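To keep things clear, I will list the structure first and then write my remarks on it.
Letters A, B, ... mirror the listed sequences (proteins, then strands); counts begin at 1. Nothing here was measured: the structure is a model prediction, and the numbers come from that model.
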Amino acid sequence: MRDNIWRAYGLAMLLGSTAASAQQLPPPAGSPTGGSAQGDVSVTIYNNDIALVQDVRSLALADGRVRQSFPDVSASIRPETVSLTVPDAAIVEQNFDYDLLSPSSLMEKAVGETITLVRTNPATGAETRDRAKVLAVNGGVVIEVNGHVEVLRDDGLPVRAIFDRVPDALRARPTLSVTLASTRAGSRPATLSYLSRGLGWSADYVALFDDKSGTADVQGWVTLKNTSGTTFGNARTLLVAGEVGSTDDDGNGNYTPRRRRMTTTLPGTESTARGQLGDFYLYPLAERTTIADKQTKQVSFLDAKGVAASAGYRFENGWLGSSDEPRSAQSVLRFSNSGAAGLGDALPAGVVRVYVRDARGQPQFTGENRIEHTPQGSTIALPTGDAFDVKVRPTTVSRTRQGDSRWRTAMRYTLTNARGRPVTVELVQGGLDGGDVRVVADSAKGERRDAGTMTWQVAVPANGTATVTVTFDTRY
Amino acid sequence: MRLWLLLTLLAGVSLSGGAEAQTRTAIVTSSAPDHVALTVYRSPYGKGAMNLRYLGGFALVTETRRVRLPRGSAVLRFEGVAEGIVPVSAIVDGLPGGTIEKNRDARLLSPASLVDGTLGREVTLTRTDKASGKLVSEPATIVVGPTPGVILRTTAGIEALRCSGLAERLNFARVPASLSSKPVLSVTTTSPTARTVTVRLSYLSSGFDWRASYVTSLAADGRTVDLFAWLTLANGNPEIFSNADVQAVAGRLNRVAVPAIPATAGALRLVCYPLGTTTSDLRQKQFELAEEIVVTGSRVMEFALSAPVPAPPPPPPPPPPEDLGDLKLYRVPMPTTVAARGQKQVALIVQKAVPVERRYRRAVYPGQQLDGVPTSIVLVLKNDEQHGLGVPLPAGSTALYAEQADGRLLLGLGTIGDRTIGETVRLAAGVSSRVTLTQAVVVPSQPGALASGTAGSHEAIVTASNGNSFPVMLDVAIGAAGQAIEADGDEVNLIDGISTWSPLLPPGGKAVLRYRY
């Protein structure tokens, strides 16, 4: 069916003019230095694999109905989101063509047309030229030469098949094409805008922590990744901290597996000097930049010296958790991004890498953790790893039955510190929300921050031990 | 260290007929570091021998490089960084104009990307006459490529590459810009004056790991052990780190998985139009059909297996570890070379004559039926200075040997966890079938005193016997930490939270415990 149409088309082309030979070559795509067909490009990148690309190109349009192709759009374009604004022209239809040019499709589209064959004599190298009409391309190529029908390269001898032209409909790459109803001829700027996948960004922080002075130097980098398959040359770039599309119901509900060491944040309420768009923070890049395909690009956005910070320890024990050997407490770096603490900026989601100087003054890596989008003025407790020298051994000493659904549970927590200086451990007993849980006796006063947890701040002397004993009364 | 410094001044315009004229940006290439410091972190749950292909640890690589910066804007390319670099962790210090942007480009030069980067541009098509060897060249333009197949526009018309049966090849004028042999890390900077600066580049890299291996030998009297630990470092990267300052960090760090853009080098597949013939079904000589150029990589595993055991005389004791935040940093005292895809061992800890206590140990569940099961022998060390130790001991494998007149004898193999100062260390010393344990559930001595199913309603008897000609200390840990175990008198004590019965068994003697659970 399609072959018939093409045969008819081919005949029409043969009978018609030779204007088809003035066919444009597909422009090179993907090479940043090459003549990209992109115009003035602006890229706005969100965190959740969405980018808005705006591309202003100058189009020379004829009057009437014209078909315009847009090469060099993102290879990860979401075609359903394309919109085009052209003065004095209306859009008739938009197509995203995947009919790609290949040796096979070239031969298939040549059915009914005439091609040139160059036969080479293998002994002498002498060339003979024939014109041949392609009759069919089904498993092999059947051609008609000088009134005889034969199969291309039936004898296995070298034959060059030379085509006169590249068919219009075939493209080197998936290409967006738009049919426009133009009301006047002439050149004018057209704004093409679409959403693309494959572009994303996150933040990366470097915190150089100094325990003695209780400060940290914090550098922030925005990290931009381009896996879209297309290079965006000399683009104006804007990064938006925030996720668009809040009603994405993928059927997974709100289930997120609990991570072993989660960053806890007390959200701040300070406003920041950052540019905002609704509830999103904006991070424009100062200069136009080329976002090459398969590139990871980092640009600095924050450099704060002497931010107040402190190191601490945290240990959380599950309900009835007992351990036959001491378990390491988490090392936690606490800092604030308030203006008073020296940081004074909202922190987009990303990974904080913590460094500490060793005895020779060289920064060494001591752990990393993720933070979410953090408004200015927040207090951040970032677990960086497990402490080697500070350990806790929780023990369920006794469980005595007090009645049908009432138990008395005695817990003992032994905290040890092998460091040469005193430390304070935030000891947390979790799982207290299973019923009516009360403390009937304790060796140190704790704080019930919520129904589920009880927290003690336990000072452990240098090279010493501290013990906390608690008795819980539980009614279910 | 040698230093190669390549200064290439390229005007952005001269690269091609680029659309917009760019400001002149110099490209400065630093091909190798002058000095490297390597801090190796271990894989959190690594056990046993390391597999150089899958190393779960990582390293912080700190490099010092001397570079000559021109005045004005420049792109500084760092070559020779570790293959496993985590690009987002790179920190560059020492640039007078700061870092404007850091880039990591993973577009690699390959047959496919060469065609891709030359799409729409002119190449030279050369045909070789197979009979005479005569070469015929003509200019051609790549219309389509690299997948599926390559189509060229020649002076004759449109042709598909390598479908004619002739020997055809393409010649490219140059490597397309932005393609490199390896992923490249580069920074853009602006220097107020031309000058030579020292740049410090640090980054995290995967493909490293280390293990602690304890080799302990028990003295003839059985009262002390000589403790020696090897630090085994492994580098799975193809880069060599010569004369590096090497440190190892013990302890568990939190890590966040950062997805990196994989460096892809696609294969070039030349596909032709269907070339079936009237005799395709016959068995015959295959003519040149579509040829396939496939890029493959192979890893060469080449590392000299240094003879492991018996070990050479141990090197001088290394310095004690230093505190790094809440971690422990062990420094290799002298600069050392970490070979590519290799592993090496240096001394970590040397402690002579550490007193040990020999104990027998068996953990049982309440009510478990046991008939003369063997017990484990452990050597108990107290990790403090009074007991001849007092060093943070990183987790690792242990091997215990007995020094005897006629040579060494392997007694036991085991593992220990991270043990800091003040903690108890247990060294596995084999299994004894001469000290055995029997356990049986018995009828409660006070039947019906407690409802069935509640704690204390069951009763069991444990019998320990010693077939040795010397007395032994036995520890029988009953149940889990926190489980209520009742026995008469104070026969059962809580050790590490677990109810433990610790009888002293005389030579050829027995001991019996009756307990409720």
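Heavy atoms of B/Leu204 lying under 4.5 Å from chain A belong exclusively to its side chain. With a 4.5 Å cut-off on non-hydrogen atoms, B/Val256 touches chain A through its backbone and its side chain both. For A/Val206, the part sitting under 4.5 Å from any heavy atom of chain B is the side chain, from C-beta outward, and nothing else. Neither the backbone nor the side chain of A/Thr416 comes within contact range of chain B; no heavy atoms are under 4.5 Å apart. The contact between A/Asn226 and chain B is made entirely by backbone atoms, counting heavy-atom distances below 4.5 Å. Contact of B/Glu159 with chain A is made through backbone and side chain together, with heavy-atom distances under 4.5 Å. With a threshold of 4.5 angstrom between heavy atoms, B/Ala477 does not approach chain A through any atom at all. At a 4.5 Å heavy-atom cutoff, the contact between A/Val356 and chain B is made by backbone and side-chain atoms alike. Both the backbone and the side chain of A/Ser331 come within less than 4.5 Å of a heavy atom in chain B. Only the side chain of A/Tyr355 comes within less than 4.5 Å of a heavy atom in chain B; its backbone stays farther off. Heavy atoms closer than 4.5 Å to chain A are found nowhere in B/Ser132, neither backbone nor side chain. When heavy atoms are compared at a cutoff of 4.5 Å, A/Glu150 does not approach chain B at all. Using a 4.5 Å cut-off between heavy atoms, A/Ala387 touches chain B through backbone and side chain atoms alike. Both the backbone and the side chain of B/Asp105 come within contact range of chain A, with heavy atoms under 4.5 Å apart. Proximity to chain B involves both the backbone and the side chain of A/Pro363, based on heavy atoms less than 4.5 angstrom apart. Residue A/Arg160 touches chain B through both its backbone and its side chain, counting heavy-atom pairs closer than 4.5 Å. Only the side chain of A/Arg419 comes within contact range of chain B, judged by heavy atoms closer than 4.5 Å. B/Thr424 does not touch chain A: none of its heavy atoms, backbone or side chain, sits under 4.5 Å away. Proximity to chain A (any heavy atom under 4.5 Å) is shown, for B/Leu324, by both the backbone and the side chain. For B/Arg331, the part lying under 4.5 angstrom from a heavy atom of chain A is the side chain only. Interface residue B/Ala257: only backbone heavy atoms are found under 4.5 Å from chain A. Looking at A/Ser202, there are no atoms closer than 4.5 Å to chain B (heavy atoms on both sides), in backbone or side chain.
Considering NZ of A/Lys294 and OG of B/Ser113, their distance stands at 9.5 Å, rounded to 0.5 Å. Atoms CG and OG1, on B/Leu327 and A/Thr366 in that order, are 6.0 Å from each other to the nearest 0.5 Å. Taking OG1 of B/Thr62 as the reference point, atom CD of A/Gln362 lies at 4.5 Å (rounded to 0.5 Å). Rounded to the nearest 0.5 Å, atoms CZ (B/Arg104) and NZ (A/Lys225) are 11.0 Å apart. Atoms CZ and CG, from A/Phe365 and B/Leu253 in turn, are 6.0 Å apart once rounded to the nearest 0.5 Å. Expressed to the nearest 0.5 Å, how far CD1 of B/Ile421 lies from CZ of A/Phe388 amounts to 9.0 Å.
Across A/Gly139 and B/Pro274, no two heavy atoms sit closer than the pair O-CB, 3.1 Å. Here the closest non-hydrogen pair linking B/Glu322 and A/Ala359 is OE2-N, 2.7 Å.
Contact count versus chain A (heavy atoms, under 4.5 Å) is highest, among B/Glu101, B/Lys134, B/Glu168, for B/Glu101. When A/Asp358, A/Thr116, A/Val299 are compared by the number of non-hydrogen pairs under 4.5 Å with chain B, A/Asp358 comes out ahead. With respect to chain A, the highest number of heavy-atom pairs below 4.5 Å among B/Asp129, B/Asp418, B/Val184 belongs to B/Asp418.
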Exercise for the section: Take A/Asp389 and B/Asp323 through the test side-chain contact (heavy atoms from CB on, under 4.5 Å) and record every step on the way to the result. Expected result: CA-CA 10 Å; A/Asp389 284 335; B/Asp323 282 350; 4.1 Å; yes
Exercise for the section: Determine, step by step, whether B/Val249 and A/Gln364 satisfy the side-chain contact (heavy atoms from CB on, under 4.5 Å) criterion, reporting the C-alpha distance in whole Å, the side-chain angles of both residues, the deciding distance to 0.1 Å, and the verdict. Expected result: CA-CA 9 Å; B/Val249 170; A/Gln364 299 285 7; 5.7 Å; no
Practice task
Decide yes or no on side-chain contact (heavy atoms from CB on, under 4.5 Å) for B/Val88 and A/Gln298, but give the supporting numbers first.
Solution key: CA-CA 7 Å; B/Val88 296; A/Gln298 289 192 302; 3.6 Å; yes
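Of the possible donor and acceptor atoms, none in the side chain of B/Tyr273 sits under 3.5 Å from a partner among the backbone N and O of A/Val137.
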